[in-house]
Amino acid sequence: MPYQITQADIETARDVREHLLRDPHRPGYHFVVPEGLAHPADPNGAIFWQGNVHLGYIYQRHGEHCWGHVSSHDWLHWKHHLPWLTPTDDSPETGIFSGNCFHGEGEAVFLYHGTQQGNSIATASDHWLEQVRKSPANPIVPVQDESGRRTGSQGWSSWDPHGWMDTDGTYYGIFGGHTASVFKTRNLHSTWDHVGDFLAHPLEGVDLHEDISCPDFFPMGDKWVMLCISHELGCRYYIGDWRNEQFHPEYHEQMSWVDNGWFAPESLLDDKGRRIMWAWARDERDRETEQSASGWSGTFTFPSVMVMDKGRIHLQPIEELQDITYGGDNRRLTLENGSDVLVDGLHNRQIDICAWFMPKDAHRFGVTVCRSPGGEEQTVVGVDLREQVLFIDTTRSSETLGRRTVETAPLPDYQAAQLQEDGGMLLRVLADNSIVEAFAGGTQAMRRMYPTRTDSDMISYWAEGGTCELDTAATEVKRTNHH
């Protein structure tokens, strides 16, 4: 008999919805898992399919890991679907862990890790990708021990898979772990053959056995990019060549700096040819108390376009963000040494700031967001030209919650010359209640912040070491309807 909804159920659902809407820390225009705890909350299965963006996310239900499923036509407003992948009676896994979704031969192919079993396959071909069929051959590569992570006797792990179909019809899979490996097959639903190690050689300064987890491998221009994490370093990427069924890395760069807070990246290629990525912005509140009491966790970074420039990856927030911005403040200022100019009439924790700084002799400049009038709470975002870093300082972001850290992302060596040529530098800041992202000089940084004062909703512009001209636009961002 179908479950019968009672009036008590309806009242509880209404209470939960209103509780989430009142929460001052719940982001409004960044994607957040709809309700409940999500740890891990990896984005998974991102694919552009028949005119829509589809995105999966890990969440926990009845003690089991599952993939949720949302879709969007504009990257901003999300349609919720029934779960994509869950443990079922007709499949051997006890939970669904990381993987990806890619275009196969007339169908979308899910390559995922089934906990306690191994890497597995599912497919769908309907318009909304709701009719998902698990392969009867699962697991296509079983785990070699109870963890599924450790390198087995054959030199590979069945862990965190990522797959794609080559132009000749061969299916390839990268299996993550401390020794990332390559597998292939001509038939999705048969045994996959072990090809060998994924990395052809190490790179100076990067441990060859630094784990490659949550892998995402794709071509950009005439190069290939491996977007991934290590559990210690957080989000990072390699650039190199894919030849003879092996990756030959040439360059490595971190994307998370002070810790591993920027985690579990996922990307897709859209219908405009853009490579767009998200990552899990890990929640810094206590999981057993603050997250549980709030009833939510699992926040993603804002979707950003990946651009290859001078052999590095630059991120740019998608242009669609302008479709949900309004009002705001536009001004041109001269900032003297030590100045800190509050913006009157703009009080919002959901803000998009584009600030063009033209330093005369100032060596530090930036923006303060989520600031109380007296600065008791504030999150400082800026550029230090002497140290050659973009930074986010959360040491005073909250009186009680979150970590007090300074994230410093190195600026590329060529930025000093670029600054002289352009006469300035663009600092882009996205603040959204409990997350702040910054982009400047070809690099990026992200932090979580949890202001507790109701008046911590102001912004200011500042400069140190000398004079700085500023041309800025700060716009408020509407809360989207994905909640």
Side-chain angles (χ1 to χ4, degrees), residues 12-43 55-61 68-70 72 75-80 261-264 278-303 317 321 324-326 347-353 369-372 377-379 392 394 397-403 429-438 446-459 475-483:
T12 298
R14 182 177 291 128
D15 290 344
V16 170
R17 176 165 48 87
E18 292 177 357
H19 168 80
L20 295 177
L21 288 170
R22 290 191 187 101
D23 193 316
H25 294 137
R26 186 173 169 84
Y29 64 94
H30 287 70
F31 178 80
V32 185
V33 173
E35 69 282 303
L37 299 185
H39 198 283
D42 302 6
L55 180 65
Y57 56 89
I58 295 180
Y59 71 101
Q60 292 72 48
R61 183 174 185 175
H69 175 203
V70 293
S72 177
W75 299 91
L76 302 169
H77 302 88
W78 296 94
K79 170 184 172 69
H80 289 271
W262 191 315
F263 210 72
W278 299 261
W280 172 29
R282 296 181 64 164
D283 200 327
E284 294 173 357
R285 300 171 300 167
D286 183 82
R287 198 188 316 171
E288 300 303 321
T289 55
E290 290 141 358
Q291 290 186 44
S292 294
S294 72
W296 65 273
S297 66
T299 300
F300 292 176
T301 58
F302 193 73
L321 178 57
I324 55 170
T325 59
Y326 65 99
H347 297 267
N348 203 323
R349 294 182 184 176
Q350 296 175 249
I351 203 85
D352 176 12
I353 300 170
V369 297
C370 297
R371 170 186 164 151
S372 59
E377 288 187 336
Q378 58 180 348
T379 297
I392 302 178
T394 63
S397 289
S398 174
E399 294 182 340
T400 58
L401 297 175
R403 297 188 62 195
V429 180
L430 306 183
D432 190 5
N433 291 334
S434 65
I435 181 173
V436 58
E437 299 185 69
M446 183 279 298
R447 286 282 86 196
R448 301 304 301 270
M449 57 179 182
Y450 305 92
T452 55
R453 296 171 58 110
T454 57
D455 59 354
S456 296
D457 59 2
M458 304 184 73
I459 68 172
T475 54
E476 300 175 79
V477 184
K478 299 175 184 176
R479 179 184 292 268
T480 58
N481 66 359
H482 63 257
H483 305 292

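The analysis underlying the following values was restricted to heavy atoms, covering all of them including side chains, and did not include hydrogens, waters or symmetry mates.
V436 is listed as a side-chain neighbour of V429, based on a closest heavy-atom distance under 4.5 Å. At a threshold of 4.5 Å between non-hydrogen side-chain atoms, the residues L76 and F302 count as touching. Between Q350 and N433 there is a side-chain heavy-atom pair separated by less than 4.5 Å. Side-chain contact between L430 and L321 is present, with at least one heavy-atom pair separated by less than 4.5 Å. Between S398 and E377 the shortest side-chain heavy-atom distance falls below 4.5 Å. Between V477 and D432, every side-chain heavy-atom pair lies at or beyond the 4.5 Å cut-off.
The aromatic rings of F31 and W78 lie perpendicular to each other, with more than 60° between the two planes, well past the 30° mark.
Separation of atoms CZ (R22) and CZ (R17) is listed at 10.5 Å; rounding is to 0.5 Å.
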Task: Residue pair Q291, H39: steps toward the side-chain hydrogen bond (donor to acceptor under 3.5 Å, both in side chains) verdict - done: CA-CA 10 Å; Q291 290 186 44; H39 198 283; over 6 Å; no
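Applying the ring-ring contact (aromatic ring centres under 6.0 Å, His included) criterion to Y450, with sequence neighbours excluded, gives H25.
Remark: R448 is not positioned above the aromatic ring of W280, lacking an NZ or CZ atom under 6.0 angstrom from the ring centre and at most 45 degrees off the axis.
Side chains of T379 and R447: no donor on one and acceptor on the other come within 3.5 Å.
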